[in-house]
Protein chains: 2
Amino acid sequence: MDDAKPKSAAGEPDGPVPKAVVSRLSLYLRQLQQEVREDRQTISSKDLGALLGFTDAQVRKDLAYFGHFGYPGIGYRCDELMTAIKKILGTDQQWPVALVGVGNLGRALLGYKGFSQRGFRIVAAFDMDPHVIGSEIEGIRVYHIDSLSEVARENRIRLGVVAVPSASAQAAAEKLVAVGVEGILNFAPVTISLPPGVRAVGVDLAIELEQLTFSVVSRGEPT
Amino acid sequence: MDDAKPKSAAGEPDGPVPKAVVSRLSLYLRQLQQEVREDRQTISSKDLGALLGFTDAQVRKDLAYFGHFGYPGIGYRCDELMTAIKKILGTDQQWPVALVGVGNLGRALLGYKGFSQRGFRIVAAFDMDPHVIGSEIEGIRVYHIDSLSEVARENRIRLGVVAVPSASAQAAAEKLVAVGVEGILNFAPVTISLPPGVRAVGVDLAIELEQLTFSVVSRGEPT
DNA sequence: TAGATTGTTAATCGATTAACAATC
DNA sequence: TAGATTGTTAATCGATTAACAATC
């Protein structure tokens, strides 16, 4: 018991972590935040799993990638596990985010309250339309895209959100990368290609509806 | 070769289809639409996969769940495969959709051009705020939520989008279900529980950023 | 024809679940 | 203590990839 490489309490996993595990981690966190809000003290893997539609074994296995967070016979302390998962995901600190594109969707994102509560703050928005440049939307300044470099460096921005039309998405992403951004959330319905080392997550609203439509049309398989 | 249950050209799969396959189907469709727009005639599984970051074998296996769409030595005819996938997903027809909640995000969805191009049309919006009820946003009428039943039945609505605050999301979803909606796209950052037979897809913008943050923070594993 | 590429089977790989000793 | 629940190992299950005969 003393020759094995120890895991730190909220520490580094020893191997690579499956992507599916990380996405469940976010769901655990969201649920735990709700439980903490409702003053719940502890929760078992069985209960946490049931709330989200997972098995208890899955919950324990997922968490075990990162350390020993539970108490046999008790379960997990909600606030403690919440804090630990935030640390794992990196959202125990606030991340400054740059938004490119202040059309309909961009504006909605600027006003989205959910970000700040979860560790993100859009600190600046960028566009090419002279009508919006220089204005403030939801208290956030809109700059010309040419100011990206300056503003991004000043604010040490590592995350960007692309909310421009499909035709401009690749170019917008490249500008973000050129300025040191390491992760891009892309709302344009196109695949953007990025240099190795830069991660992208795409959100395509129509695709989400398509997935739903398929499951509605192809009745038969259970949920 | 004549005793096996035949697959129709764009027909029913013989077994259950993994969820991951369906989500890739949407990406194939999106890419094919782009290729068709650029007048490409045919595409091989190798090329289609490369454009999206999948192996050729994966592309062929995914499509083979639903039928024989390719031509050995040639590949797939882009427009033909596009049409076939639309049919599989159920988006060869236009789906009327109800939107509940016309806050920032709801308004952005009302103005989102991507839906109509992909087989969806928001035909009515619902809210509780008397300031917006009766108005038209982006050409779509906003009704009181109490009119949901009437409007939904008139328009034979089977899909709904929930864009209300977290606290109202479960109630909004239940109202949609009560009126016969079979699939719900939920933008509120909470898990909603639905009766069996009703499918839900959740889009949590903060969770997407969290996933990105994790991969940025935990450098090491390749993309 | 030769070259290209499919659909499919078998092999590999990875992820989920079941089971249980260890622990509080 | 007895009961509950963890972390972890082994067993199961499912998904991806490699390989190749069939086909154009």
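Naming: A, B, ... by sequence-line order, numbering from 1 per chain. Please read these numbers as outputs of a predicted model, since none were measured by experiment.
- Comparing B:Asp56 and A:Val21 by the nucleotide of DNA chain C whose heavy atom lies nearest to each, the residue mapping closer to the 5' end is B:Asp56.
- We find that OH of A:Tyr71 is positioned 12 Å from C1' of D:dT6, with the value rounded to whole Å.
- Among B:Leu148, B:Leu99, B:Val102, the single residue meeting the side chain to side chain contact (heavy atoms under 4.5 Å, CB included) criterion with B:Phe126 is B:Leu148.
- Side chain of A:Ser45, nearest nucleotide from D:dT16, D:dT6, C:dT16: D:dT6.
- Regarding B:Leu63, its CG atom lies at a distance of 14 Å from the C1' atom of C:dT8, rounded to whole Å.
- Atom NZ in B:Lys46 sits roughly 14 Å away from atom C1' in C:dG3 (whole-Å rounding).
- When each of B:Leu32, B:Thr42, B:Val36 is paired with B:Leu81, the side chain to side chain contact (heavy atoms under 4.5 Å, CB included) condition holds for B:Leu32 and for no other.
- When distances run from any side-chain atom of A:Ala20 to the nucleotides C:dT5, C:dT16, C:dT9, the shortest one goes to C:dT16.
- Of the side-chain N and O atoms in A:Arg24, one or more sit less than 4.0 angstrom from OP1 or OP2 of C:dT16.
- Put simply, CD1 on A:Ile43 is 11 Å from P on D:dT5, counting in whole angstrom units.
- Between B:Glu174 atom CD and B:Ser168 atom OG the span is 12.0 Å, to the nearest 0.5 Å.
- The interatomic distance linking B:Gln58 (CD) with C:dG7 (P) rounds to 15 Å, in whole Å.
- For the OP1/OP2 pair of C:dC24 and a distance below 4.0 Å, the side-chain nitrogens and oxygens of A:Tyr76 include no atom meeting the criterion.
- With rounding to the nearest 0.5 angstrom, the CG atom of A:Leu194 is 8.5 Å from the CG atom of A:Asn186.
- Note on A:Lys61: a base of the nucleic acid sits closer than 4.0 angstrom, heavy atoms only.
- Distance CD1/B:Ile85 to OH/B:Tyr28: 8.0 Å, rounded to 0.5 Å.
- Of all nucleotides listed (C:dT23, C:dT17, D:dA15), D:dA15 comes nearest to the side chain of B:Pro18.
- With a cut-off of 3.5 Å on both Watson-Crick or G-U wobble distances, the partner of D:dA21 is given as C:dT6.
- A straight line from NZ of B:Lys19 to P of C:dT16 spans 11 Å, rounded to a whole angstrom.
- Put simply, B:Arg60 has a side-chain N or O that comes within less than 4.0 Å of OP1 or OP2 on C:dT6.
- In this model, the phosphate group of D:dT8 is approached by a side-chain N or O of A:His68 to a distance below 4.0 Å at OP1 or OP2.
- Base pairing of C:dG14 is made with D:dC13, judged by Watson-Crick or G-U wobble geometry with both donor-acceptor distances under 3.5 Å.
- Residue A:Thr55 places its side chain closer to C:dT17 than to any other of C:dT6, C:dT17, D:dT17.
- When the nucleotides C:dT17, D:dT5, C:dT9 are ranked by their closest atom to the side chain of A:Pro72, D:dT5 comes out on top.
- Atom CG in B:Asp62 sits about 14 Å away from atom C1' in C:dT8, given to the nearest Å.
- A:Leu48 places its CG atom 10 Å from the P atom of D:dT6, with the value rounded to the nearest Å.
- Taking each heavy atom of A:Ser45 and A:Val59 in turn, the nearest pair found is O-CG2, 3.8 Å.
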